[in-house]
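Structure first, then comments.
All ligand and atom numbering here is 1-based and tracks the order in the structure. Please read these numbers as outputs of a predicted model, since none were measured by experiment.
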Amino acid sequence: MNFNETDSQKSVSNAISKLMESFDDSYWLKCDLESTFPQEFYSKIASGGWLGVCMPKEYGGAGLGIAEASVMMRQIAESGGGMAAASAIHINIFGPHPIVVFGNSEQKNSWLPPLIAGVEKCCFGITEPSAGLDTGNIKTFAKKRGDKYLINGQKIWTSTAQVADKIMLLARTLPNEKCRKRTDGLSLFYTALNQKYIKVQEIRKMGRAAVDSNEIFIENLEISEKDRIGDEHNGFQYLIDSLNPERILIAAEAIGLGKDALKRAVRYAKERIVFDRAIGQNQSIQHPLARNWIELEAAELMVAKAAYQYDNGMPSGAMANAAKYFAAEAGFRAATDAVSTLGGMGYAKEFHVERLLRESLIPKLAPVSAQMILNYISEKVLGLPKSY
Ligand SMILES: Cc1cc2nc3c(=O)[nH]c(=O)nc-3n(C[C@H](O)[C@H](O)[C@H](O)COP(=O)(O)OP(=O)(O)OC[C@H]3O[C@@H](n4cnc5c(N)ncnc54)[C@H](O)[C@@H]3O)c2cc1C
């Protein structure tokens, strides 16, 4: 067993920390305060070829694994950009996965290069207001008409839809009552986000204002059947293939954010003098920070193990879910303890930890909640009866 980062992981880590030096705290604070997409950051990541970090080389990608992509996302989140930086590119890193695995060569040739080059952005339209985590219950329907589909429905929380050119869309193509399982009869599409037929309405939210999340309303959107990935009615299975890498990446992002919060807290604890001594001399300040370090290190090992399993074609569901759960908790606790360490200043925007705390809730909630991960581990790992 070897716990060292590989040469390629080290070189990703070094290159990304160098790249992120161009974006300081004031850049991320401005994006947050003004709710502006970090386009300069996005462009720099794209021009460095990083959007294709784990895409195949033949389409312009770097052909690296989820292990390297998770190092990259951790480093990006750790740079001060938190979830705003990570989410600006997150979907482009794992989202095209179903195209790579299940798309035909025409689809791969026309869809992947512009995504990898950063010429096109894509968003992910899965969640619906009336279905929530019960994806099999989605109502958006794609009705077949010759070689076209007519799509009607609604999605919620579609991140980056304000800036995206394309959407990966899950829609029902067979009514629920005709399916053996609720997750049957769904198809996966990748198509233009045509705002003539898709109304995009931003959701005002608690944090990560730089990266929009939206309700989208799809009315009579006609698309070609060439925009369907793989076989009709089999879309949920294709999507499942990209769920584990997404969980691993979001875990890495939570760790990066947590490490940044911890660094800020430690610095402040050393510098802030109260009662004639540094506040960091008090164990009530030290111990939570020491615990944060332990938890973040443990989470990093879990991410590395999950990424190793995924990249080597081993079953990775349990570890990807566990890493996502544990890293989200560790990141959230580090951000919470950073705010406590800074006292009143923890609540001030100029010290950045309040922004990190608001953003640290995202990995706990999305793309799957902590409770659903515990359901998964209970059932699939411990063999307990399904509870829902
Ligand atoms: C910032 C942000 C960005 C997002 N971006 C996207 C995106 O780009 N594309 C997209 O498709 N979606 C996106 N999402 C949606 C996200 O994936 C969902 O919010 C998440 O899957 C939870 O669904 P829900 O909010 O409908 O919760 P619900 O399904 O309504 O659940 C509410 C609560 O009940 C709990 N619960 C429900 N059923 C059970 C059960 N059986 N056992 C135990 N607990 C249960 C859940 O764990 C949760 O705590 C985003 C969400 C956020 C907050």
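- By the side chain to side chain contact (heavy atoms under 4.5 Å, CB included) test, Arg145 pairs with Leu150, Glu222, sequence neighbours left out.
- With no hydrogens or angles considered, no side-chain donor-acceptor pair links Glu128 and Gln154 at under 3.5 Å.
- Sorted by chain then number, the residues whose non-hydrogen atoms approach ligand 1 to under 4.0 Å are Ile91, Phe124, Ile126, Thr127, Gly132, Leu133, Trp157, Thr158, Ser159, Ser213, Leu365, Ala366, Pro367, Ser369, Gln371, Met372, Asn375, Tyr388.
- Applying the side chain to side chain donor-acceptor pair (under 3.5 Å) test to Glu225 and every residue at least two apart in sequence or in another chain returns Lys144.
- Qualifying side chain to side chain donor-acceptor pair (under 3.5 Å) partners for Asp212, counting only residues two or more places apart in sequence or in other chains: Asn214.
- Using cut-offs of 30° and 60° on the angle between ring planes, the pair Phe124 and Phe94 is perpendicular.
- Side-chain contact check for Thr140 and Arg172: no donor-acceptor pair (N or O, by modelled atom type) lies under 3.5 Å.
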